[in-house]
Novice: 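Next up is a structure, given as structure tokens.
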Amino acid sequence: MPSAESTPARVHEPDLVRPTRDDTVATAGSELIGGPLGRRALLGTSWWTPVRVVALVAIGMFALGLIQKAPCYNGAWFFGASSQYTHACYSDIPHLYQGRGFADGLVPYFDKLPGDMDYLEYPVLTGVFMEVAAWLTPGSGSIQDQEQWYWMVNAGMLMACAAVIAVCVSRTHARRPWDGLLVALAPAFALTATINWDLLAVALTAAAMMMWARGRSLAFGVLLGLATAAKLYPVFLLGPLFLLCLRAGKWRDFGKALGGAAVAWLVVNLPVMLFAFEGWSKFYRFSQERGVDFGSFWLILAQNSSDPLTTDSVNTLATVMVLLCFLGIAWLTLSAPRRPRFAQLAFLVVAAFILTNKVYSPQYVLWLVPLAVLARPKWRDFLIWQACEVAYFLGIWMYLAYTTSGDAHKGLPTDGYHWAIGVHLLGTLYLCVVVVRDILMPERDVVRQAGDDDPSGGVLDGAEDAFVLGAAAHPPRHASHFDGPQVEWGKQETLDSSP
């Protein structure tokens, strides 16, 4: 009988990278389940493939996040001004069921809402998601019963999105499926998954990244266009993709991606734009008119100033800052000694937007989680960043508990909340610095240390440069006092040439 090593099914399988062999934190963590895989372990011979394991772990962690919301589900969403904050289990979903007209059968964007918000302030595809969940929600019982059902229906749909994200990340880097565990086990991911509807856009973006990695430019564009129809941030990925295709001369593939994104976005938006323009434009008007809000360094400045900046001034300054960041990323892309990986730049542009934006809701961390895993799949750095995000998650709810508890002052005062914002900003900046270092010193990049060039780059993977600036015209420099492997294009050569 043939051995597992000689069966035809294994002939074309890639040599998988095992983090427990190269990552000290992953190695130590694996002791909880029996230790790292041995050199002679038979992989791919059972139902428990890495992708399936990652998907099941993601679903399990999502379920734990649902349990964390139990105090709110059982009453805190409905009774008591601050109890949903002291239990750190707040969610927009049950509150907006009635607040945005779904309980009354109003049609998003077409029917005007009573109250301060005249139309639904979400992009069209997210509005469709919310409306489908409303159709699946039983209309009988008290309004509390309906809001509980609405949250549960949305939670089920968002759980599917979470599984899609974990699977797509696992399959984007073909040789690194176990990196998906970083997504599946991310504590901030589980804690924030059901605060809002961001997971829809994150799932579509993760699927788009997987399609690009497989060389399917048009499918990437269509999925990215749909993601942008659900949330604005995915469109920023087209910027670094343009620069990478400029450097590699891959104009045809970029054109297909751009065309697919534009058509997909228009297919979703154009009908609403034509027949309910005022409702359709509410998201964009609300984003422009919204004042400085939670989580941003702008809030720290405003709350410590006797004459805070106007909303128009903040909009202008934030736009200038993010454009300067984008220009810096563009220079880095074209002048780096080796072309950056697509995932690295995707993470940097979204992080730049988050860091300079006038608001940072706690669920925005979901935007970065899959991009961070693909950009820097190192457990130590990822967990440092996640610890900062969990600290911010607790900080914002304790601050809201303080501001809503009256004279009791239960929770975190303003100064303490400012420290929580600072922790979030520093954690994100730390990960950005590490990614930039990997770009400038590619031998530090754990993906390239394994011998890959750009496994999420699709047609860019291993491509030669066609247009470069500055230092890119010179051979890559290596980190000082670094004893690890020196990495060239898709190859790994150690400093020691002895056998």
Side-chain angles (χ1 to χ4, degrees), residues 62-63 65-162 190-203 229-231 268 272 276 278-280 282-283 286-287 290 293-294 359 361-364 366 396-397 400 404:
F62 190 97
L66 299 185
I67 293 172
Q68 190 267 333
K69 301 294 187 290
C72 281
Y73 182 86
N74 292 326
W77 285 330
F78 315 104
F79 310 108
S82 63
S83 56
Q84 60 185 332
Y85 304 131
T86 56
H87 288 94
C89 56
Y90 174 84
S91 172
D92 288 326
I93 294 173
H95 297 299
L96 295 189
Y97 176 67
Q98 186 175 26
R100 296 300 179 267
F102 295 105
D104 300 319
L106 299 182
V107 179
Y109 312 110
F110 290 85
D111 292 336
K112 198 166 186 177
L113 302 172
D116 296 335
M117 192 67 67
D118 51 355
Y119 290 99
L120 184 66
E121 73 279 23
Y122 288 87
V124 172
L125 196 59
T126 297
V128 171
F129 189 95
M130 299 163 74
E131 179 71 359
V132 170
W135 292 342
L136 298 174
T137 299
S140 59
S142 67
I143 188 62
Q144 178 180 332
D145 293 335
Q146 293 177 46
E147 289 178 352
Q148 288 174 323
W149 269 109
Y150 186 63
W151 182 80
M152 285 299 297
V153 170
N154 275 280
M157 296 165 66
L158 292 171
M159 179 181 286
C161 292
L191 291 170
T192 62
T194 56
I195 292 178
N196 204 279
W197 292 270
D198 294 65
L199 279 185
L200 172 62
V202 178
K231 208 75 178 179
V268 173
V272 184
E278 189 176 358
W280 171 83
K282 178 61 182 179
F283 165 69
F286 177 73
S287 300
R290 186 178 190 177
D293 214 330
F294 298 115
V359 58
S361 298
Q363 73 272 10
Y364 288 3
L366 298 170
I396 186 173
W397 304 131
L400 287 170
T404 58

Novice: List the atom pairs, donor and acceptor, that lie under 3.5 Å between side-chain atoms in residues 96-106 and the rest of the protein, sequence neighbours left out.
Specialist:
unit_1, atom_1, unit_2, atom_2, d
Y97, OH, Q146, OE1, 3.1
R100, NE, E121, OE1, 2.8
R100, NE, E121, OE2, 3.4
R100, NH2, E121, OE2, 2.9

Novice: Given Y122, which partner from the list W280, W197, Y109, F286 fulfils the ring-ring contact (aromatic ring centres under 6.0 Å, His included) test?
Specialist: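 Answer to the ring-ring contact (aromatic ring centres under 6.0 Å, His included) test with Y122 among W280, W197, Y109, F286: W197.
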
Novice: Hey, does K282 have a side-chain heavy atom less than 4.5 Å from the side chain of L120?
Specialist: no

Novice: Kindly write out the residues that satisfy salt bridge (charged side-chain N to carboxylate O under 4.0 Å, His left out) with D145, not counting sequence neighbours, or none if the list is empty.
Specialist: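 With neighbours one apart ignored, the set is empty.
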
Novice: Restricting to non-hydrogen atoms, name the atom on L400 and the atom on T404 that form the minimum distance, rounded to 0.1 Å.
Specialist: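 Residues L400 and T404, closest heavy atoms: O-OG1, 2.7 Å.
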
Novice: Looking at residues at least two apart in the chain, or sitting in another chain, which of them share a ring-ring contact (aromatic ring centres under 6.0 Å, His included) with F294?
Specialist: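 With sequence neighbours excluded, F294 shows a ring-ring contact (aromatic ring centres under 6.0 Å, His included) to no residue whatsoever.
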
Novice: In Å, rounded to the nearest 0.5 Å, how long is the span from CD of Q148 to OG of S142?
Specialist: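 That separation rounds to 7.5 Å.
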
Novice: Could you list the donor-acceptor pairs under 3.5 angstrom formed between side-chain atoms of residues 68-80 and any protein atom two or more places apart in sequence or on another chain?
Specialist:
unit_1, atom_1, unit_2, atom_2, d
Q68, NE2, A88, O, 2.7
K69, NZ, L191, O, 2.7
N74, ND2, A70, O, 3.2
W77, NE1, C89, O, 3.2

Novice: Considering only heavy atoms from C-beta outward, does the side chain of N196 approach that of S361 to under 4.5 Å?
Specialist: no

Novice: Walk me through it: do V202 and L366 pass the test side chain to side chain contact (heavy atoms under 4.5 Å, CB included)?
Specialist: CA-CA 7 Å; V202 178; L366 298 170; 4.2 Å; yes

Novice: Side chains of residues 124-140: which donor-acceptor pairs under 3.5 Å do they make with residues two or more places apart or in other chains?
Specialist:
unit_1, atom_1, unit_2, atom_2, d
T126, OG1, A230, O, 2.5
E131, OE2, W135, NE1, 2.9
T137, OG1, A133, O, 2.8

Novice: Counting neighbours of CH2 on W149 that are heavy atoms of other residues, nucleotides or ligands and sit closer than 6.0 Å, is the number greater than 12?
Specialist: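 No, CH2 of W149 has 12 or fewer neighbouring heavy atoms, counting only those of other groups under 6.0 Å.
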
Novice: For A193 versus L158, what's the shortest heavy-atom pair and its separation?
Specialist: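 So the two residues come closest at O-CD1, 3.8 Å.
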
Novice: Locate the shortest heavy-atom distance separating A201 from K231; write the atom from each residue and the value.
Specialist: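 Nearest heavy atoms, A201 then K231: CB-CB, 3.4 Å.
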
Novice: Stepwise, does the side chain to side chain contact (heavy atoms under 4.5 Å, CB included) test hold for W151 with L66?
Specialist: CA-CA 10 Å; W151 182 80; L66 299 185; 3.7 Å; yes

Novice: For Y85, which residues count as a ring-ring contact (aromatic ring centres under 6.0 Å, His included) partner, sequence neighbours excluded?
Specialist: Y90

Novice: What distance separates I93 CD1 from N154 CG, expressed to the nearest 0.5 Å?
Specialist: 4.5 Å

Novice: Answer yes or no: is there a donor N or O on one side and an acceptor on the other, between the side chain of S91 and the main chain of T194, under 3.5 Å?
Specialist: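 Checking the backbone N and O of T194 against the side chain of S91, a donor-acceptor pair under 3.5 Å is found.
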
Novice: If you round to the nearest 0.5 Å, how far is CE of M117 from NZ of K112?
Specialist: 13.0 Å

